[in-house]
Undergrad: 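Next up is a structure, given as structure tokens.
Here is the naming used below: chain letters follow the sequence lines, and residue numbers restart at 1 for every chain. On a predicted model such as this, the values are computed, not experimentally measured, just so you know.
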Amino acid sequence: MIDLYSWPTPNGHKVHILLEETGLPYRVHAINIGEGDQFTPEFLKVSPNNKIPAIMDPDGPGGAPISVFESGAILIYLAEKTGRFLPVEARARIQTLEWLMFQMGGIGPMLGQTHHFLRYAPEPIPYAIDRYVSETKRLYGVLDRRLEGREFVAGDYSIADMAIFPWTRGHEGQNQKIDDFPNVKRWLAAIEARPAVQRGLAVLKDQRRTGPISASEREVMFGKTQYERR
Amino acid sequence: MIDLYSWPTPNGNKISIMLEEIGFPYQVHAVDIGEGDQFAPAFLKISPNGKIPAIVDSDGPGGAPVSVFESGAILMYLAEKSGRFLPASGAERIAVLEWLMFQVGGIGPMFGQANHFLVRAPERLPYAIERYVNEAARLWRVMDTRLSDHEYLAGAYSIADMAHFSWMRLHRGQGQKIADYPHVKRWLDAIYARPAVVRGLDVLRDLRTDYAAEDEKRDSVLKALHPTARQP
């Protein structure tokens, strides 16, 4: 049974969705990143960058336990373990990895900065807001053009779609007009309709914050706590 | 023959280093990102996100050409094609992928933001500068801790090291002092000693002339923020 250490954020959802899509049995351990659970020594052993998600698979390579951190690495690991959602055929594989990396290096970090400066920074900083909202818009445009005439980003439904989807659900909160990106809108609806996606999005749902971030959460996630030497 | 479309940035360097390490013949095409070459329709065909690096391998799958964009995907493609620097299976493969993704999702984007607010933003924004310089320092410590009990990031020298090296060597640009990170320093020195790395760093190097100006700008911004601190 896979142990999943996670929280209901877009990066967490990527892995929740893949676990549900593959049907691998798993146990959920909540890592409350607003309370500092990500800084415990036990968690850092599994995830040295103090981020969720992370997994422990008792049945890893050679039958030995293995831990995996970094959502992109977890997606590849589980796809290669199950033989699903990451093609072996060379060209489809290249495209899946291209668009997975597009998510890891672009969509995730840039939409994350948009969230930060729109919602979490202590005061509005127009230059930063403009920088990241504009970059977010540009990325949605790239994605929309890719999805023109394509059902999914890289051939069949894959880990690249699962990586991008949870971040792009939040388009309203990123000040984006989804009607400007009709292919993305269509693709979002198709993925959201999948039962495994619904089950994945439900993981730890009861832990989601309602209302604005508290002062202590703000400090844990964006203040000095995370910069302490561990 | 591999056609490499690139510019002398850390992400471009990753691929020229890898090509030198595996000894694949390649031709370099400069994509001047300061002049907007990355927006040319022909380039966008192979790199739809408008970024360097990108490659076209004339000897792709089935002997037909294939293009690859995203430095992380290019590294994996070249590693899988050459059979080098990414184990085919096992725990070591997973470790390489973990640390490759750590670079793609963390080190690259966050150091890039630090550089932007230190050097390129038209306004001096203390909150943004602090946010990204602090995050860069945190990432440096994660690296230093990992390298305190590992010679390379994931077992043997791999694409994970190559992905990090070209970013980590620019520590001054992230407002970091290398003396604070002795294990990273040891690892940087070991990689600098590799002839393939030296050749890879040379690719297109002369086309940029802004290095000194960037250093000066960055140093003055940091000094204004922290007037009493030791400078890098």
Undergrad: Please confirm whether the ring centroid of A:Tyr120 lies under 6.0 Å from the ring centroid of A:His115.
TA: no

Undergrad: Checking B:Met110 against chain A: side chain, backbone, both or neither under 4.5 Å from a heavy atom?
TA: side chain

Undergrad: Salt bridge check: are A:Arg93 and B:Glu80 linked by an N-O gap of less than 4.0 Å?
TA: yes

Undergrad: Salt-bridge test for A:Glu80 and B:Arg93: reply yes if a basic N is under 4.0 Å from a carboxylate O, no otherwise.
TA: yes

Undergrad: What residue, out of A:Tyr77, A:Phe222, A:Phe117, A:Tyr127, has the most heavy-atom pairs lying under 4.5 Å from chain B?
TA: A:Tyr127

Undergrad: Who among B:Leu97, B:Val104, B:Thr145 has the most heavy-atom pairs with chain A under 4.5 Å?
TA: B:Val104

Undergrad: Between A:Ile74 and chain B, which part of the residue has a heavy atom less than 4.5 Å away: side chain, backbone, both or neither?
TA: neither

Undergrad: Can you see whether A:Thr82 engages A:Thr22 through a side-chain donor-acceptor pair at a distance of less than 3.5 angstrom?
TA: no

Undergrad: Quick check for you: among A:His116, A:Glu89, A:Lys224, A:Arg146, which has the greatest number of heavy-atom pairs under 4.5 Å with chain B?
TA: A:His116

Undergrad: Under a 4.0 Å threshold between the charged nitrogen and the carboxylate oxygen, would B:Asp59 count as salt-bridged to B:Lys81?
TA: yes

Undergrad: At a heavy-atom separation under 4.5 Å, does B:Glu123 approach chain A through its side chain, its backbone, both, or neither?
TA: side chain

Undergrad: Who in residues 1-19 of chain A is close to chain B, using a strict under-4.5 Å heavy-atom cut-off?
TA: none

Undergrad: Regarding A:Trp187 and A:Asp161, is there a side-chain donor-to-acceptor distance under 3.5 Å anywhere?
TA: yes

Undergrad: Please check if the number of heavy atoms outside A:Lys81 that lie under 6.0 Å from its NZ is greater than 12.
TA: yes

Undergrad: Return yes when atom CG of B:Asp32 has more than 12 non-hydrogen atoms of other residues, nucleotides or ligands closer than 6.0 Å, and no otherwise.
TA: yes

Undergrad: Using heavy-atom distances under 4.5 Å, tell me whether B:Phe102 contacts chain A through its side chain, its backbone, both, or neither.
TA: both

Undergrad: Classify the side-chain pair B:Arg138/A:Asn49 by whether it contains a donor and acceptor separated by less than 3.5 Å.
TA: yes

Undergrad: Considering only heavy atoms and a distance below 4.5 Å, find which of A:Gln113, A:Met110, A:Gln103 pairs most often with chain B.
TA: A:Gln113

Undergrad: Heavy-atom cut-off 4.5 Å, strictly under: side chain, backbone, both or neither for A:Ala121 against chain B?
TA: both

Undergrad: Name the option with the most non-hydrogen atom pairs under 4.5 Å to chain A; the candidates are B:Met76, B:Glu130, B:Arg146, B:Gln103.
TA: B:Met76

Undergrad: Side-chain donor-acceptor pairs under 3.5 Å in residues 83-92 of chain B, sequence neighbours left out?
TA:
unit_1: B:Arg84; atom_1: NH1; unit_2: B:Glu21; atom_2: O; d: 3.3

Undergrad: Which region of A:Leu139, side chain (C-beta onward) or backbone (N, CA, C, O), has a non-hydrogen atom less than 4.5 Å from a non-hydrogen atom of chain B, or is it both or neither?
TA: side chain

Undergrad: Do the charged groups of A:Arg145 and A:Glu148 touch, with an N to O distance under 4.0 Å?
TA: no

Undergrad: By a 4.5 Å heavy-atom criterion (distance strictly below it), what part of B:Ile74 contacts chain A: side chain, backbone, both, or neither?
TA: neither

Undergrad: Could you tell me which portion of B:Ala95 (side chain, backbone, both or neither) has an atom closer than 4.5 angstrom to a non-hydrogen atom of chain A?
TA: neither

Undergrad: Hydrogens and angles aside, do A:Gln174 and A:Tyr132 bring a side-chain donor and acceptor to less than 3.5 Å of each other?
TA: no

Undergrad: Check each atom of B:Leu139 against the heavy atoms of chain A and say whether the ones under 4.5 Å are side chain, backbone, both or neither.
TA: side chain

Undergrad: Given a strict heavy-atom distance threshold of 4.5 Å, which part of A:Lys51 is in contact with chain B: side chain, backbone, both, or neither?
TA: side chain

Undergrad: Under 3.5 Å, is there a donor on one side chain and an acceptor on the other for A:Arg131 and B:Gln113?
TA: yes

Undergrad: Top residue by heavy-atom pair count (under 4.5 Å) with chain A, among B:Lys51, B:His116, B:Met143?
TA: B:His116

Undergrad: Which region of A:Arg138, side chain (C-beta onward) or backbone (N, CA, C, O), has a non-hydrogen atom less than 4.5 Å from a non-hydrogen atom of chain B, or is it both or neither?
TA: side chain

Undergrad: Might you point out which heavy atoms bring A:Thr96 and A:Phe85 nearest each other, and give the distance in Å?
TA: CG2-O, 4.3 Å

Undergrad: Picking from A:Pro122, A:Ser71, A:Gly62, which has the most non-hydrogen pairs under 4.5 angstrom with chain B?
TA: A:Pro122

Undergrad: Could you tell me whether the side chains of A:Ser47 and A:Gln38 share a donor-acceptor contact shorter than 3.5 Å?
TA: no

